[in-house]
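Everything below concerns the one structure shown next.
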Amino acid sequence: MATILLIEDDFGIRSAITRALTDLGHAVTSTDRGMSGLESAVDKQPDVVLLDLGLPDIDGLQVLAMLRAVSDVPVIIISARDDDADMVRALDAGADDYVVKPFGIEQVEARLRAVLRRSGSAVIEGPLVVGGLTIDPRKRLVKLDGIPIDLSRKEFDLLLALAQRPGEVITKRELLADVWRQSYGGGDRTVDVHLSWLRRKLGETAANPRYLHSVRGVGVRLAAPDTSPDGH
Ligand code: CA
């Protein structure tokens, strides 16, 4: 079960989505205006936001931009605008997915499941702990040895994807699919760049890894540092 905020001005679509998602056990709050949607997103901290682009008071892309300034909540765009430029603009502005109207409710459900899976809120309850690292998927908070670390959205998602399978080598392809959505990802280089930023924030380097261990030609593994007296 997830808490979902639906921002949609079309009454028919709004009630159909609300009914379908409530039937699945989700808690749905809805509004027909962008500004009140933004307020709800901040106040209620939903697990996912479903956002229409054509709203009466303010364009959905502006809602998205303002929301992104204050929140990492996953956002799925639901829109009749179906040209590539709009989709790219929405994804660049921080949307997690895009569903074109008219759509079957199953399609919204499937995207919702995927987004919840990626953000970890559907499966993970408490924080994940790897050595001195604590990763809280619900609060999207990371601490290293008790000290909070400020991570970007993608850095956090990357760390979370690795922390869900500690000790396991995860391929860049998997990370691209999981964190960036393959269709939108820029390739291995995207993963490499974010890994290097993440390393810097964890206070380590590729040459002297503590938590993030690259396996050349394969991928990367997150593991607790070796703290035994004769460890390296
Ligand atoms: Ca609309």
Side-chain angles (χ1 to χ4, degrees), residues 1-122 137-138 140 152-154 156-157 177-186:
M1 182 208 136
T3 57
I4 295 158
L5 171 65
L6 170 62
I7 307 173
E8 164 67 75
D9 64 316
D10 182 301
F11 177 78
I13 296 175
R14 195 169 71 245
S15 36
I17 293 179
T18 301
R19 197 165 46 239
L21 297 182
T22 306
D23 284 349
L24 286 174
H26 298 302
V28 183
T29 307
S30 71
T31 172
D32 58 356
R33 293 288 187 279
M35 287 313 291
S36 59
L38 201 54
E39 282 165 26
S40 294
V42 173
D43 287 352
K44 298 193 195 304
Q45 307 234 324
D47 294 324
V48 183
V49 174
L50 300 179
L51 175 65
D52 180 22
L53 291 185
L55 294 165
D57 59 333
I58 174 173
D59 191 84
L61 282 176
Q62 280 177 272
V63 175
L64 178 61
M66 287 190 276
L67 185 58
R68 275 291 166 258
V70 294
S71 169
D72 283 331
V73 62
V75 175
I76 301 173
I77 302 292
I78 43 175
S79 177
R81 298 182 200 164
D82 64 350
D83 66 291
D84 287 351
D86 280 322
M87 287 188 203
V88 168
R89 212 174 295 136
L91 292 168
D92 275 344
D96 294 81
D97 213 334
Y98 199 109
V99 185
V100 177
K101 291 175 184 171
F103 49 74
I105 192 68
E106 307 74 29
Q107 204 186 341
V108 174
E109 287 167 13
R111 305 295 175 98
L112 193 63
R113 272 198 303 277
V115 161
L116 286 170
R117 201 165 51 233
R118 280 202 294 276
S119 73
S121 37
R138 292 200 77 90
R140 295 186 69 83
S152 75
R153 193 176 144 72
K154 288 298 177 201
F156 182 89
D157 291 343
D178 214 31
V179 179
W180 282 272
R181 310 199 323 114
Q182 212 146 10
S183 58
Y184 183 55

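Whatever order the structure lists ligands and atoms in, that order sets their numbers, starting from 1.
- Taking the charged nitrogens against the carboxylate oxygens, Asp86 and Arg89 do have a contact shorter than 4.0 Å, which makes a salt bridge.
- Taking a cutoff of 4.0 Å between a charged side-chain nitrogen and a carboxylate oxygen, Arg81 and Asp52 do not qualify as a salt bridge.
- Here the N, O or S atom of Asp9 that is nearest to the Ca ion (ligand 1) is OD1.
- The pair Asp96-Arg68 meets the salt-bridge criterion, since a charged nitrogen lies less than 4.0 angstrom from a carboxylate oxygen.
- Residue Leu67 forms a side chain to side chain contact (heavy atoms under 4.5 Å, CB included) with just one option from Leu51, Val75, Leu5, and that option is Val75.
- Residue contacts to the Ca ion (ligand 1): Leu53 brings no N, O or S atom closer than 3.0 Å.
- The atom of Asp52 nearest to the Ca ion (ligand 1) is OD2, with the search restricted to N, O or S atoms.
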